[in-house]
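Note on naming: letters A, B, ... go to the chains in the order of the sequence lines (proteins, then strands), and numbering restarts at 1 for each one. Note that the structure is predicted; figures quoted are calculated from it, not measured. These numbers come from the heavy atoms of this one structure, side chains and all, not from hydrogens, waters or symmetry mates.
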There are 2 protein chains.
Amino acid sequence: MIEADDLRFFAAIAAAPSLAAAARALDVSPPAVTQRLRSLEARLGVKLVDRGGRRLALTGEGELLAKRGRDIVGALDALNDTLLERRGEVAGDLRIVAPFGFGRRFVAPLAAQFREAHPRLRLDLTLVDRLSHAPPESWDIAIHIGAPNVAAHLAMRRLAPNARLLCAAPDYLARAGTPARPADLRNHACIALRENDEDVTMWHFSARQAGTTERIRIAPTLSTNDGEVAKAWAVAGQGLIVRSEWDVTEDLESERLVRILGDYDLPPAPVVALMGTERAARSARSRRFLDALAASLRTPPWRISTASPQTAP
Amino acid sequence: MIEADDLRFFAAIAAAPSLAAAARALDVSPPAVTQRLRSLEARLGVKLVDRGGRRLALTGEGELLAKRGRDIVGALDALNDTLLERRGEVAGDLRIVAPFGFGRRFVAPLAAQFREAHPRLRLDLTLVDRLSHAPPESWDIAIHIGAPNVAAHLAMRRLAPNARLLCAAPDYLARAGTPARPADLRNHACIALRENDEDVTMWHFSARQAGTTERIRIAPTLSTNDGEVAKAWAVAGQGLIVRSEWDVTEDLESERLVRILGDYDLPPAPVVALMGTERAARSARSRRFLDALAASLRTPPWRISTASPQTAP
DNA sequence: CTCTATCATTAAGTTTGCCTTAATAGAGAA
DNA sequence: TTCTCTATTAAGGCAAACTTAATGATAGAG
């Protein structure tokens, strides 16, 4: 008889571009995938995957199995969750995705603490440079900085406010001068941080007093996809950066960096959580984890000693 | 992670009055049930069954698991069937229930033949004395003689016509005389065959010429639940029986028995098939089996050489 | 072109889950 | 009581699914 685990196994194959990739996703060796697929096909008496050289393609029966299997596995996992929840204990698998910088600084410590409080929980924290690289099926919770432009249909929960600040190193400003208006940025070295598929060279300013907005298309002299690198460049006096409050608060305090154009606000980038699936959104462990994370961010660490230009909603 | 086989396993426990009974139903030893149940409970972290001495009762979580598990296993089995059907091959499990006499004589040979034609099929033929003893969940197809009074909501298919005949042994008639009208039966020894929860002591006669009907409440001198025994008694001259055409045709030919009150019809008892579940009704193997059985009964063996009082529809 | 990396597969050995038998203990009926 | 059925523990066996090791095949790099 066909088993739910066969469906999970085949779902991994259906989602992977090759049997070897499926083996990696399943944490088993390639021969295990070959053998098990063969045995599954033999048991059903149906060919499921056409192995055309290096490319693999599902047969009609394979598509059917993958499609209907998805629902069955979903129902089984939901049942599992219900039973775990009844017990009042947080257990099972929890797959979290977070950006490299924020994840390392704020999610990882909380994850360790949460895991310690719930011994039967298996927790995976994957740090990514952009969320679009991790499909929603591959995670239960994604932490994101700023309003997500992808996957707007997913359930979302705000965890903490977070402003973006224009900053530079004091010695850079001593050399290049301090801009007084957004338009002055055209004559400055700007460092672009390519994250989250945003239009990172279009900087939006809104004058806090006048309520007017200005947009500047900067021509980055340096660009990177890594926040640490961008900030290091800025600290080294390479130019201006727009960076999240959570990352530069310490640097502003220690005056490695100085805030510029303080009369203007940049678009805020609140810390939000996304739910990968319906199941994730409802599951007790997801809720409990986000409760814990939200609590740890309630007075965001980066606000404790900084007078922020924005107040929490 | 919980598996579909765990759900099947637990469904058996939920349906059984004791763990030992579940073990019998599952074809395993009692320790296997104990161990596996314990491991399942440990894995879920939830107690599923309250073992109060000899009686067992499901906990709330146990009820939940049994209830939601049913749907999941059903979906999985349906998926299995779909794939088997796509292959065009008849495979999987087929559980047939039939009455003792008819099953042994007509269903068993066809079942063997059908099984031989489909090597990947597992077939179980359970002979029962009354259908009400076998709940619809326990079979895919039930063969029944006469319009079923139980489970009228189940899908039904007529397989062959079958009349009931009033018969007796010649030497009994020589001794006791031959009844001319139904009312004469009051003065005769009647043998009752208690089958199918019918009202077996109320014999209904309809005069074929006049179109009138008569009901006689007989007082059986002998009664049994076994058709073979009833017929043997009749052949031995113990009295009158009402018996299905399929069973007495040979005896009438060989004149071990003689038909009585030939001008009257008794209520017919067509051979019908019932489907235990929606799934059974749709599955290819059920359809194919019933096609084969219907074909083998198309010219019912018991009609080949007998002029029947009823003709096929 | 050759070289190299990756992929898919076969073969053979190992682990692990689930079953078995055997033995122990308790509850209820004869 | 004794007998029977039930539930459980302990110890051993089997089969499924994994592992490592080795082979052939294919695509892209140099």
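- The pair A/Arg8-A/Asp5 meets the salt-bridge criterion, since a charged nitrogen lies less than 4.0 angstrom from a carboxylate oxygen.
- Salt bridge annotation for B/Arg285-B/Asp81: present, with a cationic side-chain nitrogen under 4.0 angstrom from a carboxylate oxygen.
- The existence of a salt bridge linking A/Arg122 and A/Asp93 is confirmed by a sub-4.0 Å separation between a basic side-chain nitrogen and an acidic carboxylate oxygen.
- Along DNA chain D, the nucleotide nearest A/Phe9 and the nucleotide nearest B/Ala21 are compared for position; the residue whose nucleotide lies closer to the 5' end is B/Ala21.
- The residue A/Ala20 sits close only to the backbone: its heavy atoms come under 4.0 Å of sugar-phosphate atoms, none of a base.
- Ionic pairing of A/Lys47 and A/Glu41 is not present here: no N-O contact between side-chain nitrogen and carboxylate oxygen is shorter than 4.0 angstrom.
- Taking only side-chain nitrogens and oxygens, A/Arg36 comes nearer than 4.0 Å to OP1 or OP2 of D/dC18.
- As rounded to whole Å, 13 Å separates atom C1' of C/dA8 from atom CZ of A/Arg24.
- Nearest nucleotide to the side chain of B/Ser18, out of C/dC19, C/dT10, D/dA7: D/dA7.
- Per the geometry, CD belonging to A/Glu3 stands 13 Å off C1' belonging to C/dG17, to the nearest Å.
- The interatomic distance linking B/Leu37 (CG) with C/dC19 (P) rounds to 12 Å, in whole Å.
- In this structure, A/Gln35 places its CD atom 13 Å from P of D/dT20, rounding to the nearest Å.
- D/dT6 atom C1' lies 10 Å from atom CG of B/Leu56, rounded to whole Å.
- Applying the 4.0 Å criterion to OP1 and OP2 of C/dT9, one finds that A/Arg51 has a side-chain N or O inside that range.
- An OP1 or OP2 oxygen of D/dT19 is reached within less than 4.0 angstrom by a side-chain nitrogen or oxygen of A/Ser29.
- Atom CG in B/Leu19 sits roughly 20 Å away from atom P in C/dA25 (whole-Å rounding).
- With distances taken from any side-chain atom of A/Ala32 to the nucleotides D/dC18, C/dC18, C/dA8, the minimum falls on D/dC18.
- For C/dT10, one of the phosphate oxygens OP1 or OP2 lies less than 4.0 angstrom from a side-chain nitrogen or oxygen of A/Arg38.
- Within the cation-pi definition used here (under 6.0 Å to the ring centroid, within 45° of the axis), B/Arg36 qualifies as a partner of B/Phe9.
- Across the protein-nucleic acid pair, B/Leu40 atom CG and C/dG17 atom C1' stand 14 Å apart, rounded to whole Å.
- Rounding to whole angstrom units, CG of residue B/Asp5 and C1' of D/dA15 are separated by 14 Å.
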